[in-house]
A.B. asks: 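Before we start, here is the structure in question, set down as structure tokens.
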Amino acid sequence: MFYREAGQYNTTYEKDMQVFPIKQDKIGIAIWLVLAYLFVPFFGIPGLEYGFAMNAIMIPVLIFTITTIGLNILVGFTGQISLGTGAFMGVGAYACYKLTSYFPDVNIIVLILASGFVSAIVGALFGLPSLRIKGFYLVVATLAAQFFLEWCFIRVGWLYNYNASGAIEVPQREVFGWIVTGPSAEPVTRYLVVLSILIFLAIIAGNLTRGRIGRSWMMIRDMDIAAELIGVRPLTAKLSAFAVSSYFIGVSGALMVFMWLGAAEVESFDVNHSFLYLFMVILGGLGSITGSFMGAAFIWTFPIVLKELGKSWFGINATVMENVSLVAIGVMIVVILIAEPHGMARLWQIIKQKLRIWPFPH
Amino acid sequence: MLKKLIAGVLGAAVVTGATYETAQAEDTLYVPSLSYRTGPFAGAGVQIANGFSDYFAMLNARDGGIGGAKIVNEECETAYNAQKGVECYEATKGKGALVYNPYSTGITLQLIPKAPVDEIPILSMGYGLSAAAKGETFPWTFTYPASYWSQMSSILKYIDANGGVKGKKIGFIYLDVGYGKEPIPLLEELSPKMGFEVAYFPVGVKEMQAQSAQWLNVRKERPDWMVMWGFGAMNASAIKEAAKIRYPMDKFIGNWWAAADVDLRPVGESGKGYIGANFSGIGTDFPAVQDMIKHVVEAGNSQADPADVGGVLYNRGMFNAVIVAEAIAAAQKATGKKSITGADMRIGLETFDLSEARLAELGLAGFTAPIKGDCADHEGAGSVFMQQWNGTSWDKISDPIAPMTDVVSPLLDAAAAQYVSDKPEWKTQTCN
């Protein structure tokens with residue numbers, strides 16, 4: 001009944017090639033956009049305190065969605081695996097910090113987007129081994145990148161301007177008279193900046209994966225020898241995947257420090273976080289942009305929800321719930337890998353299909 | 001599955017919304033505690049959190065709170081993770097938080113710039129940014145009773161008093177993160193002045209429990225003294241390795257985060273003679289600790305294992321609570337209000353006076369050196385004393401050793417100036 005595309009005719013090729021060809025999807029996306037741009041900035045999340053809803057839920061979820069899309073390009077679309085996500089976020093963050101120290105008057109949003117390129121170069125560099133090695137060996141190579149970069153963040157004092165604290169601290173920056181970074185920046189300003197960057201990048205990612213480049217990534221993923229035989233160059237395909245993926249991850253790292261944390265030590269970029277982002281990709285759905293949104297939102301909000309539920313319904317203290325949520329996420333990953341390897345994105349597909357034929361399933 | 005999930009999330013949102021409104025009641029003092037009872041440093045975190053919350057529970061049970069207002073102490077689990085720290089900060093600051101005690105350098109650094117904006121002071125007791133000791137630059141951050149640099153200067157004074165430091169070689173083994181590297185500028189400054197040599201032994205976070213390489217270097221370098229800036233699992237491993245190469249334990253000094261019962265218990269007898277710096281008294285002999293045992297632990301209202309009460313970190317958590325309580329009382333006196341705000345609390349933290357007489361009144365005579373709140377000096381000129389491990393517990397072996405304020409202060413000034421150098425909008429205060 002819902003999602004019936006009957007009666008919707010595509011009369012041009014352009015129409016047929018749209019990202020959302022079905023009218024219901026268009027309405028759905030429009031509703032999400034209205035919610036994100038007109039509802040959340042004014043009301044936050046109903047039932048939650050505004051500052052908490054923004055700073056502890058909305059902003060990190062949006063930032064991690066960018067990370068997840070980036071990692072998904074590499075893991076889900078190209079079939080390469082990376083455990084260096086945390087460190088590549090760090091590259092973006094440190095690059096942005098250095099850029100804004102050198103060019104304090106340049107629009108910070110431009111610098112955040114530019115710092116992704118530094119991360120892209122570093123990512124492509126560490127992606128080089130992927131031309132020769134696969135699977136576990138590639139995991140080890142990206143793990144090496146993670147540890148090497150972490151070492152750099154501690155040891156190369158130039159990266160943090162030789163601060164006594166060894167951390168990068170976000171200075172206050174204004175864009176068109178609005179304070180967007182630093183402690184005085186309003187949550188709503190930071191939210192809107194992050195949201196706009198996310199939408200911009202998601203459109204790019206969506207179109208990249210639908211086009212020639214994305215198809216070559218998927219061919220490499222599905223069978224690299226066959227792809228090579230029909231004219232896909234593994235060098236360009238794999239390295240471009242590493243570069244694009246690292247670009248997204250780098251931008252999200254810069255956003256994480258500048259729009260959310262406000263200061264960061266190397267601990268914010270460690271290997272545990274790399275695993276967390278990988279879980280977001282796996283739970284959300286490998287090879288799906290929609291899934292990236294779901295995975296990031298789920299993994300980030302799940303422990304928070306669980307903690308509150310435990311406290312207010314059962315009176316269980318936060319320590320126990322912290323451990324419970326770790327166990328629950330672990331179990332969920334195992335279950336999802338067995339029952340639904342394509343993650344929450346696939347669940348959403350099934351729901352859509354069900355809605356389409358409801359209430360007459362035959 | 002998805003629908004149930006959505007229903008669950010919505011339900012949770014409604015429920016949490018309900019709890020947020022009930023938190024603020026008449027005449028309460030809300031003190032959040034960003035604790036870590038899970039994660040890599042839970043061993044220390046549990047003890048600190050217990051000491052902190054038990055003291056407030058004791059005040060509530062014995063005196064009915066502070067100045068007639070009950071203390072509401074809510075814990076939020078951070079797992080020593082900076083990202084969870086933000087979440088906890090946001091979840092608690094709207095409930096009228098008076099002061100934050102983050103117990104993590106990473107979270108402290110994130111909160112320092114937020115404190116003046118949200119007008120909630122930070123008390124980073126013996127950790128965080130050393131430069132925050134300068135109250136004129138950092139009106140909202142406090143590092144009572146001493147900064148890392150003051151502590152290092154006290155340790156050097158102790159070495160000097162026990163065989164002289166001139167011409168000696170000091171090995172500095174440290175956790176290779178911001179925290180561990182903190183005292184290096186002071187060592188660089190003092191080594192030519194006092195005429196000693198320093199050998200550095202960094203230990204990466206990943207090799208905390210595998211330090212044989214570092215200790216091989218120690219054996220090669222043969223330092224006369226070893227000083228350690230460690231935390232968590234690093235401490236016990238270092239002491240074990242030191243015992244393995246037969247390094248004399250009474251020449252091995254840990255800082256106040258590397259000298260707790262939890263660190264030495266796994267080492268036991270072989271760590272005998274190891275020295276640690278500390279600023280909070282040890283043992284249960286203090287009347288205040290006895291009151292906590294009577295009113296909280298024995299009443300079954302504590303999460304602490306009775307055997308841990310009186311331990312180094314338990315007592316430190318309690319000492320943190322003592323400073324907070326004293327500052328609250330001072331703020332109540334200054335404003336004449338029962339229920340105070342974060343801005344009032346800042347005044348309290350600058351005016352409280354923990355003198356010898358007041359310590360005795362609190363049942364903490366000899367627990368620590370007197371500290372006095374001050375506008376310009378957010379460090380309080382506290383002193384550290386030395387304690388020695390006897391195989392099963394700690395013995396106090398020195399009187400409080402005052403820091404070399406004349407050397408440390410200019411360094412702190414320079415660091416504070418550097419911190420604000422790229423922040424033109426930073427708000428400072430002038431003290432008279």
A.B. asks: Within this structure, what is the OG1-CE distance for the pair Thr38(B) and Met321(A), rounded to the nearest 0.5 Å?
C.D. replies: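 Thr38(B) atom OG1 to Met321(A) atom CE measures 13.0 Å (nearest 0.5 Å).
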A.B. asks: Under 4.5 Å, counting heavy-atom pairs only, tell me which of Leu326(A), Asn161(A), Val170(A), Leu261(A) racks up the most with chain B.
C.D. replies: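 Looking at each of Leu326(A), Asn161(A), Val170(A), Leu261(A) in turn, Leu261(A) comes out on top.
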A.B. asks: Tell me, side chain or backbone of Asn81(B) under 4.5 Å from chain A's heavy atoms, or both, or neither?
C.D. replies: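 Backbone plus side chain of Asn81(B), per the 4.5 Å heavy-atom cut-off to chain A.
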A.B. asks: Could you please spell out the steps behind the side chain to side chain contact (heavy atoms under 4.5 Å, CB included) verdict for Ile57(A) and Glu90(B)?
C.D. replies: CA-CA 10 Å; Ile57(A) 297 180; Glu90(B) 293 298 336; over 6 Å; no
A.B. asks: Select one option (side chain, backbone, both, neither) describing which atoms of Gln418(B) are under 4.5 Å from chain A's heavy atoms.
C.D. replies: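 When you check distances to chain A, only side chain atoms of Gln418(B) fall under 4.5 Å.
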A.B. asks: Is the number of heavy atoms from other residues, nucleotides or ligands within 6.0 Å of CZ (Phe39(A)) greater than 12?
C.D. replies: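 Check passes, neighbour count above 12.
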A.B. asks: Can you measure from CD (Glu425(B)) to CZ (Arg173(A)) and round to the nearest 0.5 angstrom?
C.D. replies: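 Those atoms lie 8.0 Å apart.
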A.B. asks: Minimum heavy-atom separation for Glu267(A) and Tyr80(B), please, with both atom names.
C.D. replies: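 Nearest pair, atom of Glu267(A) first, then Tyr80(B): OE2-O, 3.5 Å.
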A.B. asks: Looking at Ala263(A), Pro171(A), Ala167(A), Gly166(A), which makes the most heavy-atom pairs under 4.5 Å with chain B?
C.D. replies: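 Highest number of pairs under 4.5 Å: Ala263(A).
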A.B. asks: Are the side chains of Glu322(A) and Arg37(B) in touch, meaning some heavy atoms are under 4.5 Å apart?
C.D. replies: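 No, every pair of side-chain atoms sits at 4.5 Å or beyond.
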A.B. asks: What part of Lys423(B) gets closer than 4.5 Å to chain A, counting heavy atoms only: side chain, backbone, both or neither?
C.D. replies: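 For Lys423(B), the side chain is the part near chain A, not the backbone.
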A.B. asks: Gln110(B) versus chain A, heavy atoms under 4.5 Å apart: side chain, backbone, both or neither?
C.D. replies: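 Gln110(B) touches chain A through backbone and side-chain heavy atoms alike.
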A.B. asks: Who wins among Lys93(B), Lys84(B), Glu182(B) for the most heavy-atom pairs under 4.5 Å with chain A?
C.D. replies: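 Answer, by heavy-atom pair count under 4.5 Å with chain A: Lys84(B).
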A.B. asks: Give a yes or no on this: more than 12 heavy atoms of other residues, nucleotides or ligands lie within 6.0 Å of atom CD of Gln209(B).
C.D. replies: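 Atom CD in Gln209(B) is not crowded, with 12 or fewer foreign heavy atoms closer than 6.0 Å.
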A.B. asks: Side chain, backbone, both or neither: which part of Trp151(A) has a heavy atom under 4.5 Å from chain B?
C.D. replies: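 No part of Trp151(A) comes within 4.5 Å of chain B.
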A.B. asks: Counting only heavy atoms closer than 4.5 Å, note whether Phe153(A) contacts chain B via side chain, backbone, both or neither.
C.D. replies: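 It is neither, since no heavy atom gets under 4.5 Å.
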A.B. asks: Please determine which of Leu111(B), Ile112(B), Val117(B) meets the side chain to side chain contact (heavy atoms under 4.5 Å, CB included) test together with Pro183(A).
C.D. replies: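 Result: among Leu111(B), Ile112(B), Val117(B), Val117(B) is the only option passing the side chain to side chain contact (heavy atoms under 4.5 Å, CB included) with Pro183(A).
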A.B. asks: Looking at Asp176(B), Thr105(B), Leu129(B), which one has more heavy-atom pairs under 4.5 Å with chain A than the rest?
C.D. replies: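 Ranked by contacts with chain A, first place is Asp176(B).
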A.B. asks: Highest number of heavy-atom pairs under 4.5 Å with chain A: which of Lys114(B), Glu75(B), Lys206(B)?
C.D. replies: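 Most pairs with chain A among the choices: Lys206(B).
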A.B. asks: For residues Pro202(B) and Arg155(A), determine if any side-chain heavy atom of one lies less than 4.5 Å from a side-chain heavy atom of the other.
C.D. replies: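 Heavy-atom side-chain distance check passes, below 4.5 Å.
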A.B. asks: Sort Pro185(B) into side chain, backbone, both or neither according to what part of it lies under 4.5 angstrom from a heavy atom of chain A.
C.D. replies: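 Interface part for Pro185(B): neither.
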A.B. asks: For chain A, which of Cys76(B), Ala415(B), Ala82(B) has the most heavy-atom pairs under 4.5 Å?
C.D. replies: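 Of Cys76(B), Ala415(B), Ala82(B), Ala82(B) has the most heavy-atom pairs under 4.5 Å with chain A.
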A.B. asks: Highest number of heavy-atom pairs under 4.5 Å with chain A: which of Tyr419(B), Trp426(B), Tyr179(B)?
C.D. replies: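 Ranked by heavy-atom pairs under 4.5 Å with chain A, first place is Tyr419(B).
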A.B. asks: Top residue by heavy-atom pair count (under 4.5 Å) with chain B, among Met54(A), His273(A), Lys307(A)?
C.D. replies: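 If we count pairs closer than 4.5 Å to chain B, His273(A) comes out on top.
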A.B. asks: Is chain A contacted by the side chain of Leu109(B), its backbone, both, or neither, given a heavy-atom distance below 4.5 Å?
C.D. replies: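 For Leu109(B), the contact with chain A is made by backbone and side chain together.
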A.B. asks: Under 4.5 Å heavy-atom distance to chain B, tell me which part of Tyr160(A) shows up: side chain, backbone, both or neither.
C.D. replies: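 Just the side chain, heavy atoms under 4.5 Å.
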